[in-house]
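Following: one structure in structure tokens, then a few remarks.
Labels below follow one simple rule: chain letters A, B, ... track the order of the sequence lines, proteins then strands, and each chain is numbered from 1.
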Protein chains: 2
Amino acid sequence: MGTDRTSTSSRVFTPLDPHSRAETVVRRLTDAITFGLLTDDEQLPSEADLAAQFGVSRVTVREALVALRQQNLVETRRGRGGGSFVRAPATGTASPLRSRLAATSLPQLRDTADHYAAIAGTAARLAAQRADADDLVRIGEELHPRGRPLHRVERAFHLEVAAVAQSARLAHEEVAFAAELGTLLWAPIVPVSSKDPDPITEHQRIAAAIGAGDGDLARQLTEEHVARAVERLIDLHLTLVDP
Amino acid sequence: MGTDRTSTSSRVFTPLDPHSRAETVVRRLTDAITFGLLTDDEQLPSEADLAAQFGVSRVTVREALVALRQQNLVETRRGRGGGSFVRAPATGTASPLRSRLAATSLPQLRDTADHYAAIAGTAARLAAQRADADDLVRIGEELHPRGRPLHRVERAFHLEVAAVAQSARLAHEEVAFAAELGTLLWAPIVPVSSKDPDPITEHQRIAAAIGAGDGDLARQLTEEHVARAVERLIDLHLTLVDP
DNA sequence: GCGAAAAGGTATGGTGCCAGACTTTAAAGG
DNA sequence: CCTTTAAAGTCTGGCACCATACCTTTTCGC
């Protein structure tokens, strides 16, 4: 009992976030640029808007932008029509992703994937229980690549399923994973194996299960879909770590 | 496609945590005391230790402790053997929990529960896949109330399952839920209905499924267990909101 | 071409937080 | 009873961040 209490209590005292606020903004924007959430030539909101949206002062945003300029990730122009524009690295776009993948240990990869599968699977299950006709149309629209690269298709599909699940928390978690594992999981650096089912076909099957209201099947198919992507990612990880 | 990009990009710019670090520490400790993670007369770590563990300076911890003293949640003594001691409110212990429950909307309750069921269910599933003999012994130990109130038994059981799952993330999520929904879900203010299976019996069945390596059953039983607790919580919520 | 508007750039006083140093208090141990 | 030890209490200079105000730059619209 003493052991139990000690064990429980010690979990209360975990560290607060060590990053400065400016640093956190830098990381947010750097990640978004590096991983394709913000694209080349895209204009960021104005400093004042960024400050309002991030909930920080303009000084903090400015400091973050200085760092981004030093990393050549944005270019800033003054005056009307000015602002900060994304300068996504054209060459070696995949390098940060590869570095990140190589720097992530195998247990971490698996653990994150387990967590993600739980979220994405549950989202699919709830979507099957809760989707109305409009929802199914919206999911159906995400089955079409429409010229987008596969990683964007993947991300959009799962985000849409999470949205249809009508769970703010799961949608929020899905967004968080999109900025984290999802970036690696659906990264363009991971080739789709010819042995695997076509990812779009997998989406179609998930969507069909959702449409049929079969939550358990939707979850199972989603988990398998994620598991296959994880296996591919792990294969790539192994080639990076130990070529 | 423009809509897609705009939609995705706007999700990058969400607010940073608005709370000061001292305030965050206050919330951490207040919650832990109010919801029973830290019990009456329990000694907190020293200021220096708290600072190290929270990753803040001593000034910040001191400020938090001032606030806690003003709320009569701790009592501080100087000198050797001194320190801050928990003064959990004896009367009206349940009031903060009831207030919190009444203040939480029904969709929020359900959403949080959905999220929690995904985590706890997956933890049970992974535990079934990964538990060794020692793990099963440890889970078995949590089947015995050992004089603890039911809400502590519930919390300890699920935390143990998450630990056995060998997923740092899920364990971390389980801990986070223990401080959030779990506190309400397993709260002593929610009477166990005589129509429901005995919670200990439910734990035993989950443990048996884990022991048998049946991940899907373990997950299903866990989800049902959580769903029943949620229904009871919602019943109570309704009496508080609209008596 | 000029004025307005939108944007970045600069400055300032105040607050929160940091690391570090020193003092006071009270209990434990010899 | 005295000394040691572990704890809280106080202080300080420096940095991060805040809100606010003002200035400069550049484009857009008339």
Please work out if R62(A) contacts a base, only the sugar-phosphate, or nothing of the nucleic acid, heavy-atom cut-off 4.0 Å.
-> base

Whole-Å distance, L44(A) CG to dG8(C) C1', equals 13 Å

Would you mind telling me which residue lines up with the more 5' stretch of DNA chain C, R69(A) or G81(A), judged by nearest nucleotide?
-> G81(A)

Could you tell me the separation between the CD atom of E63(A) and the P atom of dT10(C), rounded to a whole number of Å?
-> 14 Å

Distance in angstrom units between Q43(B) CD and dA7(D) C1', rounded | 9 Å

Heavy-atom side-chain proximity of I234(B) to R110(B) below 4.5 angstrom | yes

Restricting both atoms to N or O, compile the protein contacts to nucleotides 19-25 of chain C shorter than 3.5 Å, with distance only.
residue	atom	partner	partner atom	Å
dT24(C)	O2	R78(B)	NH2	2.5
dT25(C)	O4'	R78(B)	NH2	3.3
dT25(C)	O2	G79(B)	N	3.3

Between P of dA6(D) and CZ of F85(B), the distance in whole Å = 15 Å

What residues, two or more places apart in sequence or in another chain, satisfy side chain to side chain donor-acceptor pair (under 3.5 Å) together with Q43(A)?
-> none

Counting side-chain heavy atoms from C-beta on, which of dG9(D), dA7(D), dA7(C) comes nearest to S46(B)?
-> dA7(D)

Check side chain to side chain donor-acceptor pair (under 3.5 Å) between H19(A) and all other residues, then give those that pass, not counting sequence neighbours.
-> D17(A), R27(A)

Under the side chain to side chain contact (heavy atoms under 4.5 Å, CB included) test, which residues partner V66(B), sequence neighbours left out?
-> R69(B), Q70(B)

Does S20(A) use its side chain to pair, donor to acceptor, with the backbone of E23(A) at less than 3.5 Å?
-> yes

Measure the distance from CG on L16(B) to C1' on dC18(D) and round it to the nearest whole Å.
-> 14 Å

Which heavy-atom pair separates L29(B) from F13(A) by the least distance, and what is that distance?
-> CD2-CE2, 3.6 Å

Taking for each residue the nucleotide of DNA chain D bearing the nearest heavy atom, is the 5' side occupied by E47(B) or by G82(A)?
-> E47(B)

Which part of the nucleic acid, if any, lies within reach of G83(B) when heavy atoms closer than 4.0 Å are counted: base, sugar-phosphate only, or nothing?
-> sugar-phosphate

Any donor-acceptor N/O pair, E173(B) side chain to I119(B) backbone, under 3.5 Å = no

Contacts of R78(A) that satisfy side chain to side chain donor-acceptor pair (under 3.5 Å) - sequence neighbours left out | none

Contact check, residues 17-27 of chain A vs DNA chain D, heavy-atom distance under 4.0 Å, returns S20(A), R21(A), A22(A)

Among E154(A), E160(A), E142(A), which one satisfies side-chain hydrogen bond (donor to acceptor under 3.5 Å, both in side chains) with H203(A)?
-> E154(A)

